[in-house]
Amino acid sequence: MALYTVTVLYPKKSMLMTSFDEHIERIESSGLLKFWVARYGDYHFFEGRSRSASANTPAPTAPISMVQLRGAFQLLLCLLATSGVVLLGELFWIRKAARHISQTDTLT
């Protein structure tokens with residue numbers, strides 16, 4: 001089993017240092033960290049590594065294909081369309097509010 005360390009980066013004079021250290025120590029002493037490592041620590045990219053290869057040799061990887069990125073592009077397109085609709089709605093709302101204000105100014 002690999003040894004995992006918990007690291008939290010914060011400024012040297014942070015007031016959270018003792019609080020974070022206490023929480024991390026409680027997590028580690030309760031065995032929760034070992035449970036997480038046992039449950040989630042076996043990463044799939046280490047499976048391709050042979051037993052005889054040294055630990056410093058990275059496993060061969062395949063480049064990401066456009067098919068794998070299709071979901072990210074679809075999400076980007078949906079978010080761009082939503083932001084465009086919101087922008088048009090805001091522009092319509094501002095013009096309507098300005099027209100309403102100008103009509104109430106002419107009545108008084």
Side-chain angles (χ1 to χ4, degrees):
M1 179 184 343
L3 179 65
Y4 291 90
T5 58
V6 177
T7 305
V8 178
L9 299 175
Y10 39 76
K12 286 183 181 179
K13 296 183 179 182
S14 175
M15 296 175 68
L16 298 174
M17 188 183 311
T18 56
S19 175
F20 272 82
D21 288 345
E22 289 172 3
H23 285 295
I24 291 171
E25 188 176 334
R26 273 191 260 153
I27 289 172
E28 196 167 4
S29 65
S30 69
L32 187 57
L33 187 61
K34 287 182 182 179
F35 173 74
W36 287 338
V37 169
R39 187 161 186 184
Y40 306 110
D42 187 25
Y43 297 107
H44 67 280
F45 51 81
F46 288 125
E47 291 173 357
R49 185 177 292 179
S50 67
R51 297 281 183 214
S52 62
S54 69
N56 295 332
T57 309
T61 58
I64 296 175
S65 67
M66 293 303 285
V67 173
Q68 293 169 326
L69 291 175
R70 185 183 317 155
F73 288 133
Q74 289 172 350
L75 179 64
L76 176 65
L77 183 65
C78 290
L79 292 174
L80 285 173
T82 303
S83 65
V85 168
V86 169
L87 175 67
L88 292 175
E90 287 180 356
L91 291 174
F92 174 74
W93 185 263
I94 289 172
R95 288 186 181 175
K96 182 179 175 186
R99 192 176 306 131
H100 178 70
I101 290 172
S102 67
Q103 288 177 355
T104 56
D105 286 343
T106 58
L107 294 175
T108 57

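When reading the values below, keep in mind they use all heavy atoms of this one structure, side chains included, and skip hydrogens, waters and symmetry mates.
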Exercise. Can you tell me how far CD of Q68 sits from CZ of R70, rounded to the nearest 0.5 angstrom?
Worked result: 10.5 Å
Problem set entry | Minimum heavy-atom distance between M17 and K12, given as atom pair plus value | CE-O, 2.9 Å
Exercise. Which ILVMFWY residues are connected to I101, directly or by a chain of links, through side-chain heavy atoms under 4.5 Å apart?
Worked result: none
Problem set entry | Expected output: side-chain S19 to main-chain L16 donor-acceptor under 3.5 Å | no
Exercise. Under the side chain to side chain contact (heavy atoms under 4.5 Å, CB included) test, which residues partner V85, sequence neighbours left out?
Worked result: none
Problem set entry | Residues which pass side chain to side chain contact (heavy atoms under 4.5 Å, CB included) with S30, listed by chain and number, not counting sequence neighbours | L32
Exercise. With ILVMFWY side chains joined below 4.5 Å, transitively, what does L87's cluster contain besides itself?
Worked result: L91
Problem set entry | Pairs touching residues 5-30 that satisfy ring pair (Phe, Tyr, Trp, His ring centres under 6.0 Å), sequence neighbours left out | Y10-F20
Problem set entry | Shared-cluster residues of L69, by chain and number - hydrophobic side chains joined below 4.5 Å | I64, M66, F73
